[in-house]
Student: 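Have a look at this one.
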There are 2 protein chains.
Amino acid sequence: MNEKTKPKHEQVKEMILSWIESERYKPNDQLPTEHELSELSGTSRQTVRQALGTLVQEGRLYRKQGSGTYVAALSERRTADMPTIGVLTTYISDYIFPQIVRGAESVLREQGCLMLLSSTDNDKAKERDNLLMLQAGPLQGLIIEPTKSAQGNPNLDCYLALEYMKIPYLMINERYAELDCPCVKVDDELGGYLAAKHLIELGHFRIAGFFKTDDLQGTQRLKGFLRAHREFGVQLRPEHVVHYATENKETRPFELALTMLEKPEERPTAIVCYNDELAVRLLEAVRRTELRVPEDVSMIGFDDSFLATATEVKLTSVSHPKAELGMKAAELLIAMMEGSAPSRNRDIIFAPDIVLRDSTKPYEKNGDKFVRTNV
Amino acid sequence: MNEKTKPKHEQVKEMILSWIESERYKPNDQLPTEHELSELSGTSRQTVRQALGTLVQEGRLYRKQGSGTYVAALSERRTADMPTIGVLTTYISDYIFPQIVRGAESVLREQGCLMLLSSTDNDKAKERDNLLMLQAGPLQGLIIEPTKSAQGNPNLDCYLALEYMKIPYLMINERYAELDCPCVKVDDELGGYLAAKHLIELGHFRIAGFFKTDDLQGTQRLKGFLRAHREFGVQLRPEHVVHYATENKETRPFELALTMLEKPEERPTAIVCYNDELAVRLLEAVRRTELRVPEDVSMIGFDDSFLATATEVKLTSVSHPKAELGMKAAELLIAMMEGSAPSRNRDIIFAPDIVLRDSTKPYEKNGDKFVRTNV
DNA sequence: CAAGCTAACATGTACGTACAACTTCAAAAT
DNA sequence: ATTTTGAAGTTGTACGTACATGTTAGCTTG
């Protein structure tokens, strides 16, 4: 069968499609009967039925026994022309991620893509389940937030399966070390650096830092925090660097903050918080010890979320464009799906900046017994 | 055609499916030829071809002209056995909705369903676009948060199309008046009633209420607020009932609160806020007028969100189980899809309760010139 | 005028014949 | 031993007949 002579049922199908596309028949209009089409096309009723059957299966027509065959409304067309994109996140209601999803969804909607959303509860086994389930669906691309990104990747085989299946994927916030997919993220190291730098430039010399180090984001923010201290020659007390993880985030930072705030000779003059959520929690620790922010201890958050302005003392916070991150991730994934993304250096990294509010102020001696011993 | 005697081509299809499911034939195994199946089943080759054609269309088999018919590998199966559920929301990053989605997604994941997420920006035209797009996908059910629920339903035809297509759907938070689908929601009227009742029982007699009335949730909360005043015989000043809408929510409530707080002779002794987000905003208005919560004016929020504990004065708030609402909605929709939902009285309504914190206290005269004139 | 009935019309199922196009395997040729 | 050819086998297209099931419109009756 060469190109010139297609099967008759294909030719009938194309004739009917041309009627639909030229709007000779509009949605819910009735087509000629099978008998009429048979005569019109000079083919048998069976051949007409085969053409109609294919168009029904594709959602272009619907049939009603005893009544006739009708043009389907646009909404009844199938998904052949609507790519399905998966978004796999750790926590759907995490206080930042909904804004990233919002940005992604707005781009995907605009581009006529359907978005599947799924979550892992920051648990590697659930990450695996989700990856398998999403792959079994009609997936054309995947945006992934890694799960406990600092703790390795036991689900590597699932990611390799995505590559085998030629499903493009990218990661947001961090990337598993052994994968080579693009990553769309904030420069967390720079964020931690800017936070500490801001406080150092305000004269603070005893700065505590609280970091959630089971995610690479926390590790990177800590790295920047340390780098600022080194560059500005400010000494750091080891007990002023607090690590915590998903499992103990409700208790450990609060307890350790209480402990260090209750000792006047060891008290930090400022605190860098891993994020605004933690900052709200440590604000309470400051109050509990009858100190004030920023009069007694300055504080800086991260993410510039709506929590930063919900508190009585508005938080100075490291800011980054959350919805835009989602948008750029979606745009990049679509480009990858279309084969129009550059093959190298595809990471997109947003530089954060500091939004100054009321929670940080210059360090003042204030009759304290403390003496600057650095610089 | 009654239940007992299915069409022959259906029976052949089921025979072949039973082979696949019992693993008599595994992925990539070759099935008996059409001629052999014809003899085995006692039907014509055409009938066998029809059964095979359906299974090919469903992705269970693939055929190779001149070679044979084979069982498709698992990853090539279509999503026939993984239902796809749409969730249509107004704002993905709305401070409450992510928790509802989280609850729904956890149930859907457990039940092996894929979840499509889409948003309308509380805009009716986008609601329409989304409904058309979701319907064009492989949708088996839909969970919908109505868009500006108090303002009618210009997209009724889209909802009727869902019914025509026999796609079950339900609504959360409110239902469009002319639709008869199930609704899963909080009893907003009771919530508004409890909020006002709580303040009245604390002795407050001049209570302001702020309600977002372009959503039926706001209208119902207002209704309960009014009912409490009527039942307890407390008079209500019209200027103490503030309506606002999506478009002016950033400005109008704040301005009107400032206005009423600045006039000592008209100042309310307590404020009912449509939600915690608004409460945080009105806390700032109270501060701006150098008043204190709860010493000078009590305040109660709604939703018991994490904003309620982010503030310095922890908010008394009307509480309801947000993630559970999402879970119940997903369970009900699955039951509807399986035909196991009761056909009547399917609404699920959660009774809210009050979580007492620090933002409300009993009314005291405090040297004010005010005199109780009611009760 | 409304309700019920029936015949005509339209799609759904099933069988059959015939030939086209492709694949596989065995036999023949090199 | 390897390559080529041809026959047999298998799926794909197309036509036809016959009957089942459901819908619709027109006619009749109350």
Side-chain angles (χ1 to χ4, degrees), chain A residues 1-17 19-20 25 27-73 76, chain B residues 1-17 19-20 25 27-73 76 163-166:
Chain A
M1 178 58 65
N2 62 32
E3 302 273 57
K4 277 195 189 164
T5 53
K6 297 185 174 184
K8 288 190 180 182
H9 66 88
E10 281 282 347
Q11 294 175 37
V12 173
K13 178 180 166 184
E14 285 169 1
M15 173 178 77
I16 294 168
L17 273 179
W19 291 343
I20 295 173
Y25 292 98
N28 296 311
D29 281 358
Q30 178 169 10
L31 287 189
T33 65
E34 292 175 357
H35 177 67
E36 287 163 350
L37 289 171
S38 175
E39 286 186 340
L40 265 179
S41 61
T43 62
S44 74
R45 183 188 160 207
Q46 286 299 119
T47 303
V48 165
R49 287 190 61 77
Q50 179 148 5
L52 294 177
T54 307
L55 289 168
V56 166
Q57 182 255 313
E58 293 173 6
R60 303 302 296 263
L61 304 177
Y62 63 93
R63 298 196 277 203
K64 231 168 146 189
Q65 182 173 343
S67 174
T69 301
Y70 302 85
V71 178
E76 288 161 25
Chain B
M1 177 59 64
N2 63 33
E3 303 272 57
K4 277 194 189 163
T5 53
K6 297 187 173 184
K8 289 189 179 182
H9 65 90
E10 280 283 345
Q11 293 174 40
V12 173
K13 178 182 169 183
E14 284 168 3
M15 174 178 75
I16 294 167
L17 275 178
W19 290 344
I20 296 173
Y25 292 97
N28 296 310
D29 282 358
Q30 179 170 10
L31 286 189
T33 66
E34 292 175 356
H35 178 64
E36 284 161 351
L37 289 170
S38 175
E39 285 186 340
L40 266 179
S41 61
T43 61
S44 74
R45 184 190 158 207
Q46 286 298 120
T47 302
V48 165
R49 286 190 62 76
Q50 179 146 6
L52 294 177
T54 306
L55 289 168
V56 167
Q57 183 255 314
E58 291 173 8
R60 304 303 296 263
L61 305 176
Y62 63 93
R63 298 197 277 202
K64 230 169 144 190
Q65 181 173 344
S67 172
T69 300
Y70 302 85
V71 178
E76 288 160 24
E163 292 174 19
Y164 178 77
M165 294 164 81
K166 298 195 164 39

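Fair warning: this is a prediction, and the values are worked out from it, not measured in the lab.
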Student: Nearest heavy atom decides the nucleotide; on that basis, is A/V48 or A/Y70 closer to the 5' end of DNA chain D?
Tutor: A/V48

Student: Got a second to check how far B/T33's OG1 is from B/R45's CZ, nearest 0.5 Å?
Tutor: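 Going from OG1 on B/T33 over to CZ on B/R45, the span is 9.5 Å.
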
Student: Please report the shortest heavy-atom distance between B/Y62 and B/V71, naming the atom on each side.
Tutor: CE2-O, 3.6 Å

Student: Mind checking what makes salt bridge (Lys or Arg N to Asp or Glu O under 4.0 Å) contact with B/E10, not counting sequence neighbours?
Tutor: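 Scan of B/E10 (salt bridge (Lys or Arg N to Asp or Glu O under 4.0 Å), adjacent residues dropped) gives none.
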
Student: Respond yes when some side-chain nitrogen or oxygen of B/T47 is under 4.0 Å from OP1 or OP2 of C/dA14, and no when none is.
Tutor: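 False: B/T47 side-chain N/O out of range (4.0 Å or more) of C/dA14 OP1/OP2.
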
Student: Without decimals, in angstroms, what is the distance between B/H9 NE2 and D/dT21 P?
Tutor: 13 Å

Student: Starting at atom CD of B/Q46, determine the distance to atom P of D/dT17, rounded to an integer number of angstrom.
Tutor: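 B/Q46 atom CD is separated from D/dT17 atom P by 15 Å.
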
Student: Quick check on C/dT13: is either OP1 or OP2 less than 4.0 Å from any side-chain nitrogen or oxygen of B/K6?
Tutor: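 The answer is no; no side-chain N or O of B/K6 sits under 4.0 Å from OP1 or OP2.
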
Student: Residues two or more places apart in sequence or in another chain: which of them pass salt bridge (Lys or Arg N to Asp or Glu O under 4.0 Å) with A/K8?
Tutor: none

Student: Decide side chain to side chain contact (heavy atoms under 4.5 Å, CB included) for B/L40 and B/V48; before the verdict, give the C-alpha distance in whole Å, the side-chain angles of both, and the deciding distance to 0.1 Å.
Tutor: CA-CA 10 Å; B/L40 266 179; B/V48 165; over 6 Å; no

Student: What pairs of nitrogen or oxygen atoms, one from the protein and one from nucleotides 7-11 of chain D, lie under 3.5 Å apart?
Tutor:
| from | atom 1 | to | atom 2 | distance (Å) |
| --- | --- | --- | --- | --- |
| D/dG9 | N2 | B/G66 | O | 3.1 |
| D/dT10 | O2 | B/G66 | N | 3.4 |
| D/dT11 | OP2 | B/E34 | N | 3.0 |
| D/dT11 | O4' | B/G66 | N | 3.3 |

Student: Can you list the steps and then say if B/L52 with B/L61 is a side chain to side chain contact (heavy atoms under 4.5 Å, CB included)?
Tutor: CA-CA 8 Å; B/L52 294 177; B/L61 305 176; 3.7 Å; yes

Student: Taking only the side-chain nitrogens and oxygens of A/Q50, find out if one of them lies under 4.0 Å from OP1 or OP2 of D/dT13.
Tutor: yes

Student: Test of understanding: with side-chain hydrogen bond (donor to acceptor under 3.5 Å, both in side chains), list the residues that count as partners of A/T54, not counting sequence neighbours.
Tutor: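 Per chain and number, A/T54 pairs via side-chain hydrogen bond (donor to acceptor under 3.5 Å, both in side chains) with no residue.
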
Student: Between residues 37-44 of chain A and DNA chain D, which residues have a heavy-atom gap below 4.0 Å?
Tutor: A/G42, A/T43, A/S44

Student: Under 3.5 Å, sequence neighbours excluded: what are the donor-acceptor pairs made by side chains of residues 63-70 of chain A?
Tutor:
| from | atom 1 | to | atom 2 | distance (Å) |
| --- | --- | --- | --- | --- |
| A/S67 | OG | A/Y70 | OH | 2.5 |

